2 protein chains.
Amino acid sequence: MEMVEVTARLCQRLGLPRSSGQIFGLLYLSTQALSLDEIAEALEISKASVSTGTRQLLGWHAIRQVWKPGDRKDYYEVQADLGELLRANYLGFFRPKLDASKRKLAVLQELLDADLKSGSLEATDYAVCKERLESLTRLQSRIQKLLPLAEKLL
Amino acid sequence: MEMVEVTARLCQRLGLPRSSGQIFGLLYLSTQALSLDEIAEALEISKASVSTGTRQLLGWHAIRQVWKPGDRKDYYEVQADLGELLRANYLGFFRPKLDASKRKLAVLQELLDADLKSGSLEATDYAVCKERLESLTRLQSRIQKLLPLAEKLL
DNA sequence: CAGTTCGTTCAATTTACACTGAACGAACTA
DNA sequence: TAGTTCGTTCAGTGTAAATTGAACGAACTG
């Protein structure tokens, strides 16, 4: 499968484990749900890697676990709606990070003010720093406004 | 500097070298341009790391190189307008990747059609795969439309 | 209860990569 | 020309992360 290679490369470019990308690529073009063993065999990687990989993908809501009646095996299939996938990850991952960064920026502003009052910072230097921090804050809030919009369009 | 720590963590979360983040954080709140040696000393890392780090940041247009008259040293300062930074990286990096992914998707569609004609794929399986690839293509073009808009808003 | 068949966990290995020190070339200086 | 002062390059080192095989526990089966 060509698709496996594409998603594998995408993942490792993003700093994520390559094997997770392989698994997703395989499942994305698979007609039926695959068991852990089938995935391991198809990709020629160990069962252990598949086990950890599937748990990661489950955490990102990228795949789902399904069961077949009278079969103890776990089967996996993709969450085919990628828009839904992006939404879920935005809410569960990016959103909290963005909120945290906003708080962090406020802390930095306070530290800067403290440095000015304690005399450890020249007034002109203070002005430059303050302007830059405010620029960052403006960018941060613009991003926070943009993402819900992007969420709608995807 | 607290800022150095923040940007360093941001970088390594993105799978980028931590030291590049440190350099950017240092320069972002520095009032004047700093030389390679000054950066190395302030961050307690080797000159070699600073040399490679600055070249990375230059490649992303995140910092600029400036010179002082009668001084052979290279000095570095941030590209303070982060909106401009994002724009430049979109045009020089994301945009080409997006175009490439579009072509890649077209290739995959062709491969799929070929598999159908060669009889190595059931018609029902073909339908599922085709639908999923088309879903990917739709997402791809939505992203390609969204990014120029985002570019304006940031 | 012994024997399978699952998935997970854990220690160990391998791999990938950031980082460093030392060597180097270029551009100046005396 | 010999000697500095820069920045870069490169081989070697250290370390964090991915991957694996083996051991394990749980859920079934005969």
Side-chain angles (χ1 to χ4, degrees), chain A residues 4-27 30 32-60 62-77, chain B residues 4-27 30 32-60 62-77:
Chain A
V4 172
E5 196 51 38
V6 174
T7 51
R9 274 205 298 263
L10 176 62
C11 263
Q12 66 181 9
R13 176 122 354 200
L14 294 175
L16 303 173
R18 173 187 179 82
S19 59
S20 299
Q22 293 184 89
I23 297 170
F24 184 80
L26 178 65
L27 291 176
S30 169
Q32 68 248 18
L34 299 180
S35 73
L36 199 148
D37 291 307
E38 289 169 331
I39 297 172
E41 191 190 5
L43 299 177
E44 295 177 342
I45 59 181
S46 70
K47 269 201 335 175
S49 289
V50 179
S51 178
T52 61
T54 49
R55 254 182 311 115
Q56 272 195 68
L57 291 168
L58 283 173
W60 305 335
I63 63 175
R64 260 195 308 261
Q65 213 166 3
V66 295
W67 291 274
K68 300 186 177 179
D71 190 338
R72 279 168 46 214
K73 283 182 182 154
D74 297 345
Y75 289 87
Y76 299 95
E77 65 182 15
Chain B
V4 172
E5 195 52 37
V6 173
T7 50
R9 275 206 298 264
L10 175 63
C11 265
Q12 65 181 8
R13 175 106 18 183
L14 294 175
L16 306 173
R18 174 188 178 80
S19 59
S20 299
Q22 292 185 86
I23 296 171
F24 184 80
L26 178 66
L27 290 176
S30 168
Q32 67 248 19
L34 299 180
S35 73
L36 199 149
D37 291 307
E38 288 169 332
I39 297 172
E41 190 190 4
L43 299 176
E44 294 177 343
I45 60 180
S46 70
K47 271 202 332 177
S49 289
V50 178
S51 178
T52 60
T54 49
R55 252 182 313 112
Q56 272 195 67
L57 291 168
L58 283 172
W60 305 334
I63 63 175
R64 261 195 307 260
Q65 213 166 3
V66 295
W67 292 273
K68 300 187 177 179
D71 190 338
R72 278 166 49 212
K73 282 182 184 156
D74 297 344
Y75 289 87
Y76 298 96
E77 65 181 13

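Naming convention: chains lettered A, B, ... in sequence-line order (proteins, then strands); numbering from 1 in each chain. All values below were derived from every heavy atom in this structure, side-chain atoms included, with hydrogens, water molecules and symmetry-related copies excluded. In this text, all values refer to a predicted model and were calculated from it rather than measured experimentally.
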A.B. asks: Using the side chain to side chain donor-acceptor pair (under 3.5 Å) criterion, which residues pair with A:E38? Sequence neighbours excluded.
C.D. replies: A:S35
A.B. asks: Take the protein atom NZ of B:K68 and the nucleotide atom P of D:dC6, then report the distance between them rounded to whole Å.
C.D. replies: 13 Å
A.B. asks: Suppose we screen for side chain to side chain donor-acceptor pair (under 3.5 Å). Which residues come up paired with B:Q32, at least two apart in sequence or across chains?
C.D. replies: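 Residues passing side chain to side chain donor-acceptor pair (under 3.5 Å) with B:Q32: none at all.
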A.B. asks: Of the nucleotides C:dC6, C:dT9, D:dT9, which one has an atom closest to the side chain of B:R55?
C.D. replies: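 Between C:dC6, C:dT9, D:dT9, the one nearest the side chain of B:R55 would be D:dT9.
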A.B. asks: Give the rounded distance in Å between these two atoms: CD1 of B:I39 and P of D:dT8.
C.D. replies: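 Distance check: B:I39 CD1 to D:dT8 P gives 11 Å.
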A.B. asks: Hey, can you pull the donor-acceptor pairs under 3.5 Å for the side chains in residues 9-24 of chain A, sequence neighbours left out?
C.D. replies:
unit_1, atom_1, unit_2, atom_2, d
A:R18, NH2, A:E5, OE1, 3.4
A:R18, NH2, A:E5, OE2, 3.1

A.B. asks: Taking side chain to side chain contact (heavy atoms under 4.5 Å, CB included) as the test, write out the residues that go with A:E41, two or more places apart.
C.D. replies: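 A:E41 satisfies side chain to side chain contact (heavy atoms under 4.5 Å, CB included) with no other residue.
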A.B. asks: Does any non-hydrogen side-chain atom of A:E77 lie less than 4.5 Å from one of A:I63?
C.D. replies: no
A.B. asks: Start with the C-alpha gap between B:Y76 and B:V66, add the side-chain angles, then the distance that decides, and say whether side chain to side chain contact (heavy atoms under 4.5 Å, CB included) holds.
C.D. replies: CA-CA 6 Å; B:Y76 298 96; B:V66 295; over 6 Å; no
A.B. asks: Whole-Å distance between C:dT20 C1' and B:E41 CD?
C.D. replies: 18 Å
A.B. asks: Name all residues meeting the side chain to side chain contact (heavy atoms under 4.5 Å, CB included) criterion together with B:S46; count only those two or more places apart in sequence or in a different chain, and write none if there are none.
C.D. replies: B:A48, B:S49
A.B. asks: Side chains of A:L36 and A:D74, heavy atoms from C-beta outward: is any pair under 4.5 Å?
C.D. replies: no
A.B. asks: Grab the N/O contacts between the protein and nucleotides 1-3 of chain D below 3.5 Å, and write none if there aren't any.
C.D. replies:
none

A.B. asks: Expressed in angstrom and rounded to an integer, what is the separation of B:W67 atom CH2 from D:dC6 atom C1'?
C.D. replies: 14 Å
A.B. asks: A:R72: what forms a salt bridge (charged side-chain N to carboxylate O under 4.0 Å, His left out) with it, not counting sequence neighbours?
C.D. replies: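 Salt bridge (charged side-chain N to carboxylate O under 4.0 Å, His left out) list for A:R72, sorted by chain: empty.
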A.B. asks: My understanding is that only residues two or more places apart in sequence, or in another chain, count here; which of them pass side chain to side chain donor-acceptor pair (under 3.5 Å) with B:W60?
C.D. replies: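 If we apply the side chain to side chain donor-acceptor pair (under 3.5 Å) test to B:W60, skipping adjacent residues, there are no hits.
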A.B. asks: I'd like to check B:L34 versus B:Y75 (side-chain heavy atoms, cut-off strictly below 4.5 Å). Are they in contact?
C.D. replies: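 In short, these two side chains do not touch, never coming nearer than 4.5 Å.
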A.B. asks: Could you give the CD1-to-C1' distance, from A:I23 to C:dG7, as a whole number of Å?
C.D. replies: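 Rounding to the nearest Å, CD1 of A:I23 and C1' of C:dG7 are 14 Å apart.
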A.B. asks: How does protein reach along nucleotides 11-30 of chain D, written 5' to 3' as B (base within reach of a heavy atom under 4.0 Å), S (only sugar-phosphate), or - (no contact)?
C.D. replies: -------SSBB-----BS--
A.B. asks: Distance check needed: C:dT4 C1' versus A:D37 CG, whole Å only.
C.D. replies: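 One finds 13 Å between C1' of C:dT4 and CG of A:D37, rounded.
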A.B. asks: Considering only side-chain heavy atoms of A:S51, which listed nucleotide, C:dT8, D:dT9, C:dC6, is closest?
C.D. replies: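 Of the options given, the side chain of A:S51 lies nearest C:dT8.
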A.B. asks: Take the protein atom CG of B:D71 and the nucleotide atom P of D:dT5, then report the distance between them rounded to whole Å.
C.D. replies: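 It is 13 Å, rounded to the nearest whole Å.
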A.B. asks: Restricting both atoms to N or O, compile the protein contacts to nucleotides 12-15 of chain C shorter than 3.5 Å, with distance only.
C.D. replies:
none

A.B. asks: Would you mind reading off the distance between B:K73 atom NZ and D:dT4 atom P, rounded to a whole angstrom?
C.D. replies: 17 Å
